[in-house]
Amino acid sequence: MTAPPPAGPPVALTIAGSDSGGGAGLQADLRTFTTCGVHGCVAVTAVTVQNSLGVTGFVAIPPSTVADQIRAVATDIGVAAAKTGMLASTAIICAVAGVCDEVGIGASVPLVVDPVAASLHGDPLLADDALDALRSELLPRATLVTPNLDEVRLLVGLDVSSRADQYTAAKELHALGSQWVLVKGGHLRADPQERNPQCLDLLYDGSDFTAFTSPRSATPHTHGSGDTLSAAIACALARGSTMPEAVGYGKRYIEQAVAHAYPLGAGVGPVSPFWRLPPP
Ligand code: PLP
């Protein structure tokens with residue numbers, strides 16, 4: 001079991017890959033944790049070689065070292081919530097699932113699974129043969145899974161092209177075993193009839209749907225948006241929020257982070273945590 005809660009800020013753990021460009025991955029998670037007042041711990045799963053133009057390679061950390069990092073943090077420091085990002089391989093997913101059972105992550109400690117499969121440039125971050133392990137080993141242990149529409153297609157084979165499809169996708173994903181599902185609709189093409197185009201993110205717990213809408217943003221700089229949303233949700237869960245409250249908190253955080261996104265390098269810039277900080 002994880003150690004008792006500390007007297008300081010709540011503690012969250014990210015199990016994720018490093019982005020050398022600093023926009024996504026564990027770097028996005030840690031800056032989100034910090035600006036949400038949460039102490040961040042890290043189990044590194046992979047080191048990517050990456051800039052604003054894409055990912056040109058990565059090296060995966062040995063699965064036993066990933067598990068050891070999680071065990072070391074959970075048994076000494078204790079974690080109030082955990083999240084996963086890039087997991088790279090079947091062996092890492094299985095190692096994460098095993099140690100999560102050992103320390104109570106996914107049981108007494110909420111686990112947010114961001115089922116990262118590729119970068120927004122299409123560069124693979126998960127081996128093709130690891131989707132089965134993601135479905136069978138991780139989703140049944142997840143408190144929440146947060147797929148975008150590309151990840152929905154990979155996980156349940158459904159091509160979502162309408163809001164009605166999002167409801168079907170939520171049901172099919174929930175059947176894979178996570179307690180809650182958040183189907184993110186940001187990648188759905190805007191309806192040309194709509195005056196104020198809105199994105200719909202749909203939360204489902206197996207019986208009730210909660211719809212979260214937000215204005216569609218025009219910025220091209222959205223690198224790290226999925227990581228940032230799931231990290232902010234994990235922070236609210238670490239503070240003891242209910243799932244609908246935590247998703248509402250995460251949505252408010254990411255809306256501001258996207259509104260303050262900035263260019264970086266010659267490609268796609270990151271969403272920004274700086275909106276939470278006083279001006280320098
Ligand atoms: N690199 C790492 C290490 C990531 O974990 C992720 C997403 O989780 C990405 C890149 C991709 O981020 P994006 O899809 O925003 O480019």
Side-chain angles (χ1 to χ4, degrees), residues 12-33 40-61 66 69-70 82-89 92-93 96 111-127 130-131 134 138 142 144-155 182-188 199 201 217 219-235 250 253-255 257-273:
L13 168 67
T14 177
I15 304 165
S18 166
D19 169 2
S20 50
L26 67 86
Q27 288 81 2
D29 293 339
L30 285 183
R31 58 197 202 173
T32 304
F33 289 172
C41 296
V42 188
V44 186
T45 56
V47 175
T48 71
V49 179
Q50 180 167 186
N51 58 23
S52 71
L53 298 169
V55 181
T56 53
F58 70 78
V59 59
I61 302 298
V66 176
Q69 293 173 81
I70 297 169
K83 64 151 287 189
T84 63
M86 174 183 182
L87 293 171
S89 72
I92 291 178
I93 291 171
V96 168
L111 172 64
V112 179
V113 173
D114 184 12
V116 173
S119 78
L120 54 73
H121 297 97
D123 313 304
L125 299 172
L126 183 72
L131 277 172
L134 198 55
L138 213 52
L144 173 70
V145 61
T146 61
N148 62 31
L149 298 185
D150 293 326
E151 292 154 357
V152 166
R153 184 164 23 77
L154 289 172
L155 287 168
L182 183 68
V183 176
K184 299 181 293 185
H187 291 189
L188 199 61
C199 301
D201 288 359
S217 160
T219 181
H221 302 303
T222 57
H223 184 47
S225 52
D227 317 62
T228 299
L229 172 64
S230 53
I233 293 171
C235 288
Y253 187 99
I254 191 64
E255 255 180 69
V258 169
H260 292 80
Y262 49 91
L264 199 68
V268 179
V271 301
S272 172

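No hydrogens, no waters, no symmetry mates; every other heavy atom, side chains included, goes into these values. Note that the numbering runs from 1 along the sequence shown for the chain. Both counts, for ligands and for their atoms, begin at 1 and track the order of listing.
In terms of modelled atom types and a separation under 3.5 Å, the side chain of Ser52 and the main chain of Ala266 share a donor-acceptor contact. Judged by distance alone, with hydrogens and angles left aside, the side-chain atoms of Thr84 form no donor-acceptor pair with the main-chain N or O of Ile15 at under 3.5 Å. Without hydrogens or angle criteria, His221 side chain to Gly269 main chain gives a donor-acceptor distance under 3.5 Å. A distance-only check finds no donor-acceptor pair linking the side chain of Thr222 to the backbone of Ser225 [under 3.5 Å]. Judged by distance alone, with hydrogens and angles left aside, the side-chain atoms of Asp227 form no donor-acceptor pair with the main-chain N or O of Asp29 at under 3.5 Å.
Between the side chains of Lys83 and Thr14, no donor-acceptor pair of N or O atoms lies under 3.5 Å. Of the N and O atoms on the side chains of Gln27 and Ser18, at least one donor lies less than 3.5 Å from an acceptor on the other residue.
Residue contacts with ligand 1, taken as heavy atom pairs separated by less than 4.0 Å, do not involve Val268 at all. Residue-level proximity to ligand 1 for Gln50 is carried by the side chain, the only part with a heavy atom below 4.0 angstrom. When heavy-atom distances to ligand 1 are checked against a 4.0 Å cut-off, Val116 comes that close only through its side chain, counted from C-beta outward.
For atom 8 (O) of ligand 1, the nearest non-hydrogen atom of the protein is Asp227 OD2, 2.5 Å. In terms of protein heavy-atom proximity, atom 9 (C) of ligand 1 is closest to Leu125 CD1, 3.6 Å. The closest protein non-hydrogen atom to atom 14 (O) of ligand 1 is Leu120 N, 3.1 Å. Protein heavy atom closest to atom 13 (P) of ligand 1, with residue, atom name and distance, is His223 ND1, 3.5 Å.
Here Asp201 pairs with Lys251 under the side-chain hydrogen bond (donor to acceptor under 3.5 Å, both in side chains) rule; sequence neighbours left out.
For ligand 1, the polar-atom distance check against Gly224 finds a nitrogen or oxygen pair separated by under 3.5 Å. Considering backbone and side-chain N/O atoms, Ser119 never comes within less than 3.5 Å of an N/O atom of ligand 1. The N/O atoms of Thr48, backbone and side chain alike, include none that comes under 3.5 Å of an N/O atom in ligand 1.
Residue Ala24 approaches ligand 1 through these ligand atoms, each under 4.0 Å from one of its heavy atoms: 6 (C), 9 (C), 10 (C), 12 (O).
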